[in-house]
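Read the structure below first, then the notes.
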Amino acid sequence: MDAIYAILLGIVEGITEFLPISSTGHLIVAGELLKGLLTTPWTPEMKSAFEVIIQGGAILSVLVYYWKDFLKIRHIATDKTQQNLWTSVVVACIPAVILGVLFGSKIKALLFTPSVVAWALIVGGVLIWVVESRKSTPVIHKIEAISPVKALGIGAIQCLALLWPGFSRSASSILGGMILGLDRPTATKFSFYLGFITLGGASLLDLIKSRDMLGQIGVLNMVLGIGVSFVVAYISIGWLLRFISNHDFKGFAIYRVVVGALILVLIATGVMSNGSLA
């Protein structure tokens, strides 16, 4: 039954990691609804470690999905386009790295609760609706054209996800890109690139810190979770890129509000504790 739990959480992680709907919020709800499947209840530390592990599968899917693009980095010494692209990616990661190093543990300890995540989902949904309702003309249509200055702005807005757990890293970076003049597909693709770097680094650090939990989780559960998360995330990336070519993000805005409200209902009815998730 633990294996089924691992597979289902891998599916949830794979679907939600790169969509602007918060993987954190969904893993909270899924974990509560599925905890009855566990043969032996997992401690909060085990659940946290497992979420980091399966996030690794989702991150790897970005590398595989864009492997041809990532291979171009080998020409960075002579290719100015690649130099600008990766300079922008690195610059965009700087605000989150600084904020994470200085305040990450404190934010996680104080704000990582179901109610905070729920309100982040709701407010984020409202902001997505507002941004999508603006009348604006995008001026940047490919990620190679994003300047380091624009990238820094996107990175700063991305910090909303760190400051407010549950806001969604992908939502904040996509919204930041759209606000700063990127078209929807370009903002989404740049969000994938940022996710690969920022999530990859953060997950590696978290995994090192929680390495003592790995034996308790079990090799089979880890392999299943990573594998399922990778496959589902790969499919989700392709689906999202096709979807936004003809649709806006308003549907996701509505969905976020519904999920946030669901979490608040679960808390109010006692089905879910509002204790710290850290």
Side-chain angles (χ1 to χ4, degrees), residues 1-2 4-52 54-55 58 106-133 159-175 225 228-229 232-233 236 239-240 243 247-278:
M1 296 303 289
D2 285 8
I4 296 175
Y5 178 87
I7 290 171
L8 292 175
L9 256 63
I11 292 173
V12 172
E13 166 64 23
I15 292 174
T16 60
E17 183 59 61
F18 298 110
L19 272 59
I21 55 177
S22 175
S23 60
T24 299
H26 285 77
L27 287 172
I28 288 173
V29 175
E32 286 295 323
L33 296 178
L34 299 173
K35 62 184 179 181
L37 292 175
L38 293 170
T39 305
T40 302
W42 288 12
T43 64
E45 292 78 13
M46 289 174 65
K47 291 180 180 179
S48 178
F50 184 69
E51 289 173 7
V52 171
I54 60 178
Q55 188 179 65
K106 293 181 179 179
I107 291 172
K108 192 171 184 179
L110 296 173
L111 299 178
F112 209 60
T113 64
S115 61
V116 170
V117 170
W119 283 110
L121 281 165
I122 294 170
V123 173
V126 173
L127 289 178
I128 290 174
W129 188 279
V130 170
V131 171
E132 283 287 18
S133 298
C159 287
L160 273 172
L162 184 57
L163 289 168
W164 197 349
F167 192 90
S168 170
R169 186 212 59 83
S170 57
S172 57
S173 55
I174 291 172
L175 285 177
V228 171
S229 174
V232 175
S236 295
W239 177 84
L240 180 62
F243 178 84
H247 302 83
D248 59 26
F249 286 116
K250 286 185 175 180
F252 292 114
I254 296 171
Y255 180 79
R256 285 178 63 109
V257 172
V258 171
V259 173
L262 172 61
I263 294 175
L264 293 177
V265 169
L266 290 175
I267 295 171
T269 56
V271 175
M272 179 186 295
S273 168
N274 194 37
S276 175
L277 298 166

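- In plain terms, the two heavy atoms of Pro165 and Phe112 that are nearest each other are CB-CD1, 3.5 Å.
- With hydrogens and angles disregarded, a donor-acceptor distance shorter than 3.5 Å links the side chain of Arg256 to the backbone of Phe167.
- Val12 and His26 get closest at one heavy-atom pair: CG1-CB, 3.7 Å.
- In this structure, CG in Leu264 is found 5.0 Å from CD1 in Ile122, a value given to the nearest 0.5 Å.
- Residues Ser23 and Arg169 have side chains not in contact (no heavy-atom distance under 4.5 Å, counting atoms from C-beta outward).
- At distances below 3.5 Å, not a single donor-acceptor pair connects side-chain atoms of Asn274 with backbone N or O atoms of Ile267.
- Using modelled atom types, one side-chain atom of Ser229 and one backbone atom of Ala58 make a donor-acceptor pair closer than 3.5 Å.
- A donor-acceptor contact shorter than 3.5 Å is absent between the side chain of Ser48 and the backbone of Pro44.
- Taking both residues in full, the closest heavy atoms of Ala253 and Trp129 are given as CB-N, 4.0 Å, listed atom of the first, atom of the second, then distance.
- Taken from CD in Glu13 to CZ in Phe18, the straight-line distance is 8.0 Å, to the nearest 0.5 Å.
- For Ser22 (side chain) and Gly166 (main-chain N/O), a donor-acceptor pair under 3.5 Å exists by modelled atom type.
- One distance of note links CG of Leu266 with CG of Leu262; it measures 4.5 Å at 0.5 Å rounding.
- Note that the CG atom of Leu27 and the CG atom of Leu34 stand 10.0 Å from one another [nearest 0.5 Å].
- The two residues Leu162 and Ile107 have their closest heavy-atom pair at O-CG2, 3.2 Å.
- To the nearest 0.5 angstrom, Glu51 atom CD is 10.5 Å from Glu17 atom CD.
- When every heavy atom of Ile128 is checked against every heavy atom of Ala171, the shortest pair comes out as CD1-CB, 4.4 Å.
- Proximity of Ile21 to Phe249: side-chain heavy atoms (C-beta onward) are nowhere separated by under 4.5 Å.
- A heavy-atom distance below 4.5 Å is found between the side chains of Phe252 and Leu240.
- Once rounded to the nearest 0.5 Å, the distance linking CG of Leu111 with CH2 of Trp119 reads 15.5 Å.
- Shortest non-hydrogen contact noted between Leu19 and Ile15 is CD1-O, 3.3 Å.
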